[in-house]
Amino acid sequence: MFNVPDHSLYAMALVGLILITATLAYIVISRIQRDTDHQELKLRIQSWWWIIGAFFVVLASNTHFALAFIGFLSFLALKEFLSIVPRRQTDRRAIFWLYLSIPLQYYWVATQWYGMFIIFIPVYIFLFIPIRMVLIGDTKGFIKSAGILNWAVMLCVFSISHLGYLLVLPVKNSEAGAIGLVLYLLFTTQFNDVCQYVWGKLLGKHKIIPKVSPNKTWQGFIGGVFTTATLSCFVAPALTPLSTLQGAGAGILIAVTGFFGDLVISSVKRDLQIKDTGVMIPGHGGILDRMDSLLYTSPLFFHYLYYLHY
Amino acid sequence: MFARIVKILFFGLIIKPVVLIALGLNVVNRNKLPTHGPAILAPNHNSHLDTMVLMSLFPLRMIHKVRPVAAADYFLANRIIAWFALHVIGIIPLNRKQVTRKAQLFEQCHETLKKNEILIFFPEGSRGEPEKMAQLKKGIFHLISDYKSVLVYPVMMHGLGRSLPKGEALFVPFNCDVIVGEPLSCTSHANELVQEIERQFNLMRPLCLTYRADEE
């Protein structure tokens, strides 16, 4: 049942090691600084154990189970998004169809029907949702609602489903297997988030987009891109079909677009004047707070890889 | 005993999973919920789901002690619904229509409080328009005016009117907010209590993540 190729197994072990290090670091810090409150950090690390544990079990089990799990993440993300953005009472029935698009989209993934997977949401759902809204007949606020519903399903279903399609692509790096691609994408995206944060904390001076996020600096951004690209040079050839140079390109792509994915969700929250999109993941916030960068990096990394190797 | 088992099974196997997965809750101050009776929860009312969501926040071992007060004319009108409401949910029927004396109206509620149970009492009276707050009624004051030691817990809920509004049969998943307020003790005048509950609702509303979604 648990048949994980060597390179992917090493990658998982490495992540496990980082997690154990972080947990030990937390224990030491909380012992030294007894006066300060570390509850938030504690919750954050605890949640990381759950997230990483769940992903590892799911990825190691079998492809269809993993697709069902990623589809469920799509559902949670879509529900969270639609719960906070402006909507009309009359949009309920159109929204119901958005949820129904999830099993279909992941069915195309499971059957490896690439053509349908790639057009189903941007063509069929995009055209169908306004039809459903027309049949309901509420024209006041029609434009705004159609735009919001379309964007919601693009981000939460179309984008995230690319993570699933990585699992069904023909294996070109047999030492890492299909799950190597997913491990690479998840690890690089999260690694970049952490690097940008750490570089920002260490050297951050010049704000990059203060209107959206006062904590983002040029130093953090450039440091993150550089570190992620360097790491990717080594990790990409081990886990994906990409060469060292292509790996550096993927690292830069993930670092830059992950940064913007983060800012896009930040802008949504600013617009709504809320701090988090939900409370589902203790210490992190909602599911969109955790997946923000991934909404951008998964489709963009997928198509980079697809263009170069498939 | 049989009724208690049915209630535990119903909430443990159906309501809790549905509330957790199909709905999804943003709960704030969950630790402020009463751990034992007598107490009264005073939530705002948008949907039939309100009661289910509130009850799902309590552990299964004490779920039989949480009793929603519900309109007799609505829930006892049909035999099957009446059986379900009385025996599975464990509602306390309230005869809104034939009020003769206040003491008689709340007789069953008072008995429940004496048994150290937790009442769910909607101060708005009815669900009304989805996500719009109706004028609070003074019933809650008359309910506890003779029981000064019983605390009232205002609870703000938002978003359920979207998932299952009045008169709709199609359930649509949305996250909803549940915010537990500071417990209040009874005041000397009905208006004071109602105003205090209203004030708490107004304080809790900005904490709702889904609230901005309905502003036009």
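Lettering of chains follows the sequences in order, A, B, ..., and the numbering in each one begins at 1. Keep in mind that this is a model prediction, so the values were computed, not measured.
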> So, the side chain of R162(B) versus the backbone of R92(A): is there a donor-acceptor pair under 3.5 Å, distance only?
Replying inline: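 The answer is no, because no donor-acceptor pair under 3.5 Å joins these two groups.
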
> What part of D91(A) is in contact with chain B, defined as an atom under 4.5 angstrom from a non-hydrogen atom: side chain, backbone, both or neither?
Replying inline: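 Nothing of D91(A), per the 4.5 Å heavy-atom cut-off to chain B.
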
Does [X] have more than 12 heavy atoms from other residues, nucleotides or ligands lying within 6.0 Å of its [atom1]?
X: Y26(A); atom1: OH; result: yes
X: W50(A); atom1: CH2; result: no
X: F126(A); atom1: CZ; result: no
X: Y124(A); atom1: OH; result: no
X: F171(B); atom1: CZ; result: yes
X: L100(A); atom1: CG; result: yes
X: I143(A); atom1: CD1; result: no
X: F10(B); atom1: CZ; result: yes

Determine the minimum heavy-atom distance between [X] and [Y], stating which atoms define it.
X: N175(B); Y: S83(A); value: N-OG, 2.7 Å
X: R93(A); Y: E168(B); value: NH2-OE1, 2.6 Å
X: T210(B); Y: R87(A); value: O-NH2, 4.0 Å
X: G161(B); Y: Q89(A); value: O-NE2, 3.2 Å
X: V172(B); Y: I95(A); value: CG1-CG2, 3.8 Å

> Looking at P206(B), C208(B), C176(B), P173(B), which makes the most heavy-atom pairs under 4.5 Å with chain A?
Replying inline: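 Answer, by heavy-atom pair count under 4.5 Å with chain A: P173(B).
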
> Which members of residues 16-27 of chain B, sorted by number, sit under 4.5 angstrom from chain A on a heavy-atom basis?
Replying inline: I21(B), A22(B), L23(B), G24(B), L25(B), N26(B), V27(B)

